[in-house]
Visitor: 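I'd like to ask you about the structure that follows.
Note on naming: letters A, B, ... go to the chains in the order of the sequence lines (proteins, then strands), and numbering restarts at 1 for each one. This one's a predicted model, so the numbers in the text were calculated from it and none came from an experiment.
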Number of protein chains: 2
Amino acid sequence: MAGHGGRSRSGGRPTLEEVAARAGVGRGTVSRVINGSPRVSDATRAAVEAAVAELGYVPNTAARALAANRTDSIALVVPEPETRFFAEPYFSDMLRGVGAELSDTEMQLLLIFAGSDRERRRLAQYLAAHRVDGVLLVSVHADDPLPDLLAQLEIPAVISGPRSAAETLTSVDSDNYGGGRSAVEHLIQRGRRKIAHITGRLDVYGAQRRVDGYRDALRDAGHRADDQLIEPGDFTEEGGRRAMATLLSRRPDLDAVFAGSDVMAAGARQILRKEGRRIPDDVALVGYDDSAIARHMDPPLTSVRQPIEEMGRRMIDLLLTEIADRRPPTSRDLDRRQMVLATELVPRTSS
Amino acid sequence: MAGHGGRSRSGGRPTLEEVAARAGVGRGTVSRVINGSPRVSDATRAAVEAAVAELGYVPNTAARALAANRTDSIALVVPEPETRFFAEPYFSDMLRGVGAELSDTEMQLLLIFAGSDRERRRLAQYLAAHRVDGVLLVSVHADDPLPDLLAQLEIPAVISGPRSAAETLTSVDSDNYGGGRSAVEHLIQRGRRKIAHITGRLDVYGAQRRVDGYRDALRDAGHRADDQLIEPGDFTEEGGRRAMATLLSRRPDLDAVFAGSDVMAAGARQILRKEGRRIPDDVALVGYDDSAIARHMDPPLTSVRQPIEEMGRRMIDLLLTEIADRRPPTSRDLDRRQMVLATELVPRTSS
DNA sequence: ATCACTTGTGGGAGCGCTCCCACAGTACCT
DNA sequence: AGGTACTGTGGGAGCGCTCCCACAAGTGAT
């Protein structure tokens, strides 16, 4: 414990003022050095830095927050029960990206779950108290009131996956439209002619966009539209089974299926097997998410990969900018605030 | 936005002073009401509460922290990379318990990973700044410097799984000794005579205690000690395989194995199978942790369950007490601060 | 030599609370 | 009647910063 430099004799933590006295400068100067202001001479800066090191000075965050009206922390809000958070690799990937981008910052990340009503009330209180400088909102449902609350409190926020084309919050999304397109183009290129689509929940904007991509890819390839080849699912395995069964009964001659998620693809696969269709010989199958399921499926599933980790990084970028700008970006730069990242088709044996 | 009560005309958030003015009382009185002091008359209290509601007053945390020298937040420190955090149900269970116990508190939980050196440096800085009132430390290795840092900074802390019998920090643990005992007693009761033990990493205190439980259970049942039946593992599947192979070569006539973790039990099972021993007919097998592996093994594995979620709850209890006491508990009450929770044997078909 | 900037610096004011002392009012003893 | 104690209340002081104004000293144009 020796060699850690003397604390002030008063016994508590050293303050700015004590550092200033020690360095023989004024309070303002120390503050400038600590906050990296360029308006300090090199000699003075060195003296202050020495004093800081000798005293083992660490700024008092509360005092800083009070005086500067900022908290240097941001919240990652997960509007889901913890269970799902741990179950889905989506969150883990996202968290990794966020953490990485934050690591060379002074910002502290708070992880807040808002799955239950109780948790949501707590969160509302927390936000009202402005205990964070900004919020990252992941996995928001279309009818979630949280984004509006954030807007009302004028708290900078970035959302992953806009709620609609008219999203007012800054958002980062993967290219669901392009992802859907690439899946279908891939199937066309493999010589498939009757390509069905099992959609995700259509109140999720991303799912709609995948349908759009599916439609346009077929149209551009000169296929005529056939709505009988589209069947809504709900992102669950059971939904995949049901949709697949429906599709098969309606269009027994289909030769490919694009499912809006890997989980639904897994459900579809079970039905295809049961009906004696071989994958990929009789029916090619493509999923979405490139999750662990895709890699471990039999046969391994072709899937569309989203750059989740990078989404996390970009979200932080945008959020930090917004916080620095200190204004809710409701002006003409809104269009610049809707970032879309490319997806990538990962071909495997199922297609 | 109407009906939300008028903010002060100044536009910003209302302050204590504004509430006081509105309620026609002094600043101190409002503070007392907000903090639930009993020294306020009912009439005054009601007036203040009305003013608070009308103005939509929310205390400024920074100001409170500065004045009262507390942060109303505690950190859950995970000295592991995020990957393991998500992979192991241990953390998820723990987090659930912690969150539950914290939910009727004003305390905010921070989740902090300290896996890499970089992250550890950040954490040290964070703790030095006293940005939390207390720390929950889970999954600490024997040589981790973190506990000592915490002690040095005089930050209240509770550790899950003491580092040794002489642990100085407040700790919550499951009864590893009793768990080991119960596993062996169960095997004896089932008529097993030559019971082997694959230990965990012996630099983990809990693993040692399981060995102690194993030894004492055998001794109390009148078995003579046979160290050839004990083989150290390292909590990994590979370690389980290696230990099992060694044990079989040394004592081919063993009729039961108690593994220090389910993962090691899984490794042991592979070797037993390969050597043609049937489970449980020829060799009974018992694991530890009662993880998903145990339930899904073939045959389902008898295992010792630890009440992880409850451990989380108890840790918060102790931590909050320690914070409220505002003193590092180095005195005679230390023994009261080593809490041990009972384990439970979950019998399945492997024994 | 004068004026106008620029650069570096000190320190007052104030952020919104909590803590605590002072004090009025009431109650109950002697 | 005076003393003592307690209850409820107001408000000063101070927590450790940041922000910003004031100002000294230096620089270069006129």
Visitor: For A:Asn60 and D:dC15, what is the distance between atoms CG and C1' respectively, to the nearest whole Å?
Guide: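 It is 8 Å, rounded to the nearest whole Å.
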
Visitor: Report the nucleotide, chosen from D:dG14, D:dG8, D:dC17, that has the shortest atom-to-atom distance to any side-chain atom of B:Ser41.
Guide: D:dG8

Visitor: Could you check B:Gly28 against B:Ala62 and say which one's nearest nucleotide on DNA chain C is further toward the 5' end?
Guide: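 Final value for this comparison: B:Ala62.
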
Visitor: For the residue pair A:Ala129 and B:Val58, what are the closest heavy atoms and their distance?
Guide: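 In this case the closest contact between A:Ala129 and B:Val58 is CB-CG1, 3.4 Å.
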
Visitor: Does a side-chain N-to-carboxylate-O contact under 4.0 Å join B:Arg120 and B:Asp117?
Guide: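 No salt bridge links B:Arg120 with B:Asp117.
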
Visitor: Is there a side-chain polar atom (N or O) of B:Thr29 under 4.0 Å from OP1 or OP2 of D:dT9?
Guide: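 False: B:Thr29 side-chain N/O out of range (4.0 Å or more) of D:dT9 OP1/OP2.
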
Visitor: Quick one: are A:Glu322 and A:Leu169 in side-chain contact, heavy atoms under 4.5 Å?
Guide: no

Visitor: Can you tell me how far C1' of D:dG11 sits from CD of B:Glu18, to the nearest Å?
Guide: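 After rounding, the reported distance stands at 17 Å.
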
Visitor: How many Å lie between CG on B:Asn35 and C1' on C:dT18, as a whole number?
Guide: 8 Å

Visitor: Heavy atoms under 4.0 Å, any strand shown: does B:Arg27 hit a base, just sugar-phosphate, or nothing?
Guide: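 Base, at least one base heavy atom under 4.0 Å.
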
Visitor: Write down the distance between CG (B:Asp72) and C1' (C:dC17), rounded to a whole number of angstrom.
Guide: 12 Å

Visitor: What integer distance in Å separates B:Glu17:CD from D:dG10:C1'?
Guide: 11 Å

Visitor: In whole Å, I'd like the distance from the CG atom of A:Leu66 to the P atom of D:dG16.
Guide: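 These atoms are roughly 12 Å apart.
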
Visitor: Over all strands shown, is B:Thr44 touching base, sugar-phosphate only, or nothing at heavy-atom distances under 4.0 angstrom?
Guide: sugar-phosphate

Visitor: Take the angle between the ring planes of B:Phe85 and A:Phe86 and call it parallel below 30°, perpendicular above 60°, tilted in between.
Guide: tilted

Visitor: How many whole angstroms separate atom CZ of B:Arg32 from atom P of D:dG11?
Guide: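 Value for this atom pair: 11 Å.
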
Visitor: Over how many whole Å does the gap from B:Arg39 atom CZ to C:dG25 atom C1' extend?
Guide: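 Taking atom C1' of C:dG25 as the reference, CZ of B:Arg39 is at 15 Å.
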
Visitor: Which residue, B:Glu101, B:Glu310, B:Glu309, forms the salt bridge (Lys or Arg N to Asp or Glu O under 4.0 Å) with B:Arg96?
Guide: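 Per the salt bridge (Lys or Arg N to Asp or Glu O under 4.0 Å) rule, the option paired with B:Arg96 is B:Glu309, out of B:Glu101, B:Glu310, B:Glu309.
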
Visitor: Closest approach to the side chain of B:Val25, judged atom by atom: which nucleotide of D:dC19, D:dG16, D:dG10 is it?
Guide: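 The closest nucleotide is D:dG10.
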
